[in-house]
Trainee: 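Have a look at this one.
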Amino acid sequence: MERDVFIGFDPGSVPSPCYVIDEAGIDRNLSYLREVQQESGARVLMALKAFAMPALFPRIHAVLDGVCASGPWEARLGRECFGGEVHTFAPAFSDEEFAEVLALSDHVVFNSFNQWRQFRSRALAAQRGQSAGGASGAGGSSGCGRRTPQFGIRVNPEHSEAEVPLYDPAAPYSRLGVTAENFAAAAAAGELEGLSGLHLHTLCEQGFEALERTVAVLLEKFGRYLPQMQWLNLGGGHHISKPDYNRAGLIKLIRRLRADYDIDIILEPGEAVVIHSGVLVATVLDVIHNGMPIAILDTSATAHMPDVLEMPYRAEIWGAAAAGEKAYTYRLGGQTCLAGDVIGDYSFEEPLQPGQRLVFDDMAHYTFIKSTMFNGVRHPALALYNSNSRATRIVREFSYTDFLGRLT
């Protein structure tokens, strides 16, 4: 398998199972994002929902402006461990969560005008430097009170580009974002006062052309409100760091939006920061036969690579191919008791043997950040590798006490 990462990497050099991130891959992706930042003038944040490894935060923050968070714990992680800006959105905030988020965030984005009405007085009081209405705890010790928070509304252009319904925020009956009809009613009632930006997120692993079409719909439905705004957040789902992504087109679009509406443009890539930079090393534990050869691994689809079942998504394996392409085909199963904990069917040049290491490719984004300890199965360790120095560092190994800590 041709690749520009994990050059010289020995899968036997790390515990099994283990997520391994190649710093060289991170640097490659950041170079693409730096280009977009510098050439377009956009602010680029990393989406913590896709990837969060504090050991790499200094490397990433050297290029990106900050993070976007999906709740108080991610906001705290960004504030305390990443640095820079923290922008937070959630479909709804409880009273307690809003206090935390307000204390930690530079931007808070609301999902509805109901929530904006509920928290507006507290939000604007915090903006004026008055009491945030009970904000305490994590934010109280981080100098958060010296920031002037800004507030926005997420919009739903009702234009779908995502190919998988599970990941389509613009699907019919979506709970995410305010439709043009509802936004117009709120604007007519004078409810835009105090809001400084709009937030849009409807893409999933897509190229520039999908964004270009979406922005055209956005401008048609919400463009008349942009002169009242200071910023427009175009969210995530952009495959900016793919070699064939039309970055020149993205840069041109951002420049045009900034010039036409005199607003800041914000991007929130997650996957694009770490795509093609991580692997999951696993070990064959047993090989059985039930109609076909089945290999049981020390990892799990449902617990350790959930997108395999949710999207669904087929993970590539170094040296393997699709079923039937090579001499020996196996169904790869996980270690949990879930009957459907099946990773997929793969073929290999040689028979699989217990103790053999397998390496699943592209396992940085939406893997360990979504992983669980279902069944008490051992959680994969976390490690860093560097293709330039050939150095490996174990960041974290998990134990029974970590499992127990989630239950007691």
Side-chain angles (χ1 to χ4, degrees), residues 43 45 68-72 75 85-135 144-145 147-159 169-202 214-235 257-258 260-266 268:
R43 290 143 65 192
L45 312 174
C68 64
S70 302
E85 300 179 28
V86 175
H87 296 204
T88 306
F89 163 82
F93 299 106
S94 69
D95 191 73
E96 180 182 4
E97 287 172 337
F98 180 71
E100 294 182 61
V101 164
L102 183 58
L104 292 161
S105 306
D106 299 278
H107 283 194
V108 179
V109 177
F110 296 94
N111 188 54
S112 72
F113 280 96
N114 293 333
Q115 286 256 299
W116 173 234
R117 285 190 291 270
Q118 179 180 348
F119 295 117
R120 183 175 179 273
S121 61
R122 290 166 59 186
L124 297 183
Q127 196 173 65
R128 293 191 297 267
Q130 300 172 9
S131 169
C144 298
R147 284 189 305 279
T148 302
Q150 297 183 36
F151 307 100
I153 286 282
R154 178 167 175 165
V155 297
N156 179 357
E158 300 176 272
H159 171 81
Y173 313 114
S174 173
R175 75 191 196 286
L176 299 172
V178 179
T179 63
E181 179 182 3
N182 291 328
F183 197 99
E191 294 182 333
L192 300 189
E193 184 180 355
L195 297 172
S196 59
L198 302 183
H199 181 282
L200 171 77
H201 179 32
T202 61
T214 301
V215 167
V217 175
L218 172 77
L219 296 181
E220 177 186 347
K221 294 185 175 182
F222 297 95
R224 60 185 175 276
Y225 307 112
L226 289 179
Q228 304 174 54
M229 301 297 164
Q230 299 174 26
W231 49 270
L232 171 64
N233 188 325
L234 295 176
L257 289 172
R258 293 180 64 216
D260 289 352
Y261 295 98
D262 190 26
I263 53 174
D264 291 335
I265 301 296
I266 302 163
E268 296 180 342

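When reading the values below, keep in mind they use all heavy atoms of this one structure, side chains included, and skip hydrogens, waters and symmetry mates. Note that this is a predicted model, so its numbers are computed, not measured.
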Trainee: Measure across Thr202 and Ala170 and return the closest heavy-atom pair with its distance rounded to 0.1 Å.
Mentor: CG2-CB, 4.2 Å
Trainee: Determine whether the side chains of Gln150 and Asp106 contain a donor N or O and an acceptor N or O closer than 3.5 Å.
Mentor: no
Trainee: Main chain of Phe93, side chain of Gln115: is a donor-acceptor contact present, judged purely on distance under 3.5 Å?
Mentor: yes
Trainee: Considering all heavy atoms of both residues, which atom of Trp231 and which atom of Ser196 are nearest to each other, and what is their separation?
Mentor: NE1-OG, 2.9 Å
Trainee: Where is the tightest heavy-atom contact between Phe98 and Ala123, given as atom of each residue plus distance?
Mentor: CZ-CB, 4.1 Å
Trainee: Could you tell me the separation between the CG atom of Leu198 and the CG atom of Leu232, rounded to the nearest 0.5 Å?
Mentor: 6.5 Å
Trainee: Could you report the tightest heavy-atom contact between Arg224 and Glu220, atom names first, then the distance?
Mentor: NH1-O, 4.2 Å
Trainee: State yes or no: are the ring centers of Phe89 and Phe110 separated by less than 6.0 Å?
Mentor: no
Trainee: Are side-chain heavy atoms of Thr179 and Val155 found at a separation under 4.5 Å?
Mentor: no
Trainee: Can you check whether Thr148's main-chain N or O pairs, donor with acceptor, with Gln127's side chain at less than 3.5 Å?
Mentor: no
Trainee: How many angstroms lie between atom CZ of Arg122 and atom CZ of Arg120, to the nearest 0.5 angstrom?
Mentor: 14.5 Å
Trainee: Taking the ring centre of each residue, are His107 and Phe151 less than 6.0 Å apart?
Mentor: no
Trainee: Does Ser105 use its side chain to pair, donor to acceptor, with the backbone of Val101 at less than 3.5 Å?
Mentor: yes
Trainee: What's the spacing between Leu257 CG and Ile265 CD1 if we round to 0.5 Å?
Mentor: 4.5 Å
Trainee: Rounded to the nearest 0.5 Å, what separates atom CG in Asp260 from atom CG in Leu226?
Mentor: 10.0 Å
Trainee: Does Phe222 reach the side chain of Val217, with side-chain heavy atoms less than 4.5 Å apart?
Mentor: no
Trainee: Write down the atom of Ala180, the atom of Glu158, and the distance for their closest heavy-atom approach.
Mentor: N-OE1, 4.2 Å
Trainee: Within a radius of less than 6.0 Å around CZ of Arg175, do more than 12 heavy atoms belonging to other residues, nucleotides or ligands occur?
Mentor: no
Trainee: Are more than 12 heavy atoms, taken from residues, nucleotides or ligands other than Asp262, located less than 6.0 Å from that residue's CG atom?
Mentor: no
Trainee: Would you call Asp264 and Arg258 a salt bridge, using N to O less than 4.0 angstrom?
Mentor: no
Trainee: Does Phe119 form a side-chain contact (heavy atoms from CB on, under 4.5 Å) with Leu124? I'd like the steps, not just the answer.
Mentor: CA-CA 9 Å; Phe119 295 117; Leu124 297 183; over 6 Å; no
Trainee: Hey, does the side chain of Asn182 reach the backbone of Ser112 with a donor-acceptor pair shorter than 3.5 angstrom?
Mentor: no
Trainee: Within the structure provided, determine whether Glu268 and Asn233 are in side-chain contact (heavy-atom separation under 4.5 Å).
Mentor: yes
Trainee: Using side-chain heavy atoms (C-beta onward) and a distance below 4.5 Å, is Pro169 in contact with Asn156?
Mentor: no
Trainee: Testing the basics here: between Pro91 and Leu176, what is the closest heavy-atom pair and its distance to 0.1 Å?
Mentor: CG-CD2, 3.9 Å
Trainee: Could you tell me whether the side chain of Thr214 reaches within less than 4.5 Å of the side chain of Leu200, counting heavy atoms only?
Mentor: yes
Trainee: Centres of the Tyr225 and Tyr261 rings: under 6.0 Å?
Mentor: no
Trainee: State whether the side chain of Arg154 and the backbone N or O of His201 hold a donor-acceptor pair below 3.5 Å, judged by distance alone.
Mentor: yes
Trainee: Has Thr88 got a side-chain atom pairing as donor or acceptor with Ala75's backbone, closer than 3.5 angstrom?
Mentor: no
Trainee: Using 0.5 Å steps for rounding, measure from the CD atom of Glu100 to the CG atom of Asp95.
Mentor: 11.0 Å
Trainee: Mind checking whether Leu234 and Ile266 have side chains closer than 4.5 Å, heavy atoms only?
Mentor: no
Trainee: Taking C-beta and beyond as the side chain, do Gln118 and Asn114 meet within less than 4.5 Å on heavy atoms?
Mentor: no
Trainee: Short question: side chain of Lys221, backbone of Pro157 - any donor-acceptor pair under 3.5 Å?
Mentor: yes
Trainee: Heavy-atom distance under 4.5 Å between the side chains of Asn111 and Val178, does that happen here?
Mentor: no
